[in-house]
Amino acid sequence: MKKFFSVDDVVNVYDLIEKALFLKKKPYNFQNVGKNKTIGLVFFNPSLRTRISCQKAAFHLGCNVWVLDINKDSWKIEMNDGNVMKITQEHLKEAISVMSIYCDILAVRTFPSLYDKESDYKEVIFNKILNYSKVPVVNMESSTLHPLQSLADMMTIAEYSSFFKKKCKVVLSWAPHIKSLPHSVANSFSQWISKIDQIDFTIACPDKYDLNKQFSKGACITHHQNTAFINADFIYAKNWSSYSNYGKILCENSDWMITENKMKLTNNAKFMHCLPVRRNIVVEDAVLDSEYSIVLQQAENRIYAAQVIFLELIQSLS
Ligand code: CP
């Protein structure tokens, strides 16, 4: 593996999930692999899980880690080319090039604008980062994708389905939110699920919230949440803003909140969410606090998702 931008960088998704689950059992099995290696974690946007799980993953491999929160601790970065830089102090080109000199793997988080659809969906910023970096790059959430989250989600489904032993029904359900949110978790989840033959996948969302077909192709798409929940084995709740009316909130209907009553329609489904989650807007307390909520297992698996990716990249360094 030379970079980790999306599931397309993975040779065999099943093998990767198996290896990540092995690392969960034996986190220190490769503790010398990262000796004298440094991982740089660069955040253009806030994070709790991604930041700490990546640090923990790197420690398990014996790597050094540095973390930079660009907005708090660095110069104001110019993302566009050709501008007279009267407000910004450093261009992305120098910033990424320099930071990549200071590490062996560079992991970056950069969210979408949610107003320039073309630029966001062409991943203009992340492609520049891939281009400017002198070392392998890991996507810690870009404009359209969040592959470390999706890998952790696949691990979690694998754990609760005896490694996809029998066909299971997974429903990605849109849920309400008060802010306009990216599509990255939903896109990425859909993309990874499409690689798992044993999953029967449904996306439930209000009208005008259909995801970009590039990511949702192969899924059964419905605008009827209750119908979707019938016989589901996993309910994955997530809000996203509109794709067709880009970045806009078109539905403030609390009827789409995940409730105990809706979970009763399922086949004793597990409840999933990537976190952070707004209680009693996205999901009722009773669901999040129930024994069928597996959100903490998902968060724990973020460590081993990051660890397996760092391990693959370190092993590929010449
Ligand atoms: N799920 C997730 O990526 O969490 P953070 O935004 O806290 O990193």
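Counting convention: from 1, in listed order, for ligands and their atoms alike. When a residue number appears, it is its place in the shown sequence, counting from 1.
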Residues in side chain to side chain contact (heavy atoms under 4.5 Å, CB included) with F111, at least two apart?
-> N45, R109, E141

Test of ring centre spacing under 6.0 Å for H183 and Y246 = yes

Between F234 and A269 the two heavy atoms that sit nearest each other are N-CB, 3.8 Å

Are any of the side-chain heavy atoms of N127 and K122 separated by less than 4.5 Å?
-> no

Hydrophobic cluster (4.5 angstrom, side-chain heavy atoms) - remaining members for I178 = I281

Which protein residues have a heavy atom under 4.0 Å from ligand 1?
-> S47, L48, R49, T50, R109, H146, Q149, C274, L275, R302

For P147, side chain to side chain contact (heavy atoms under 4.5 Å, CB included) partners two or more places apart | F4, N139, L145, S188, W192

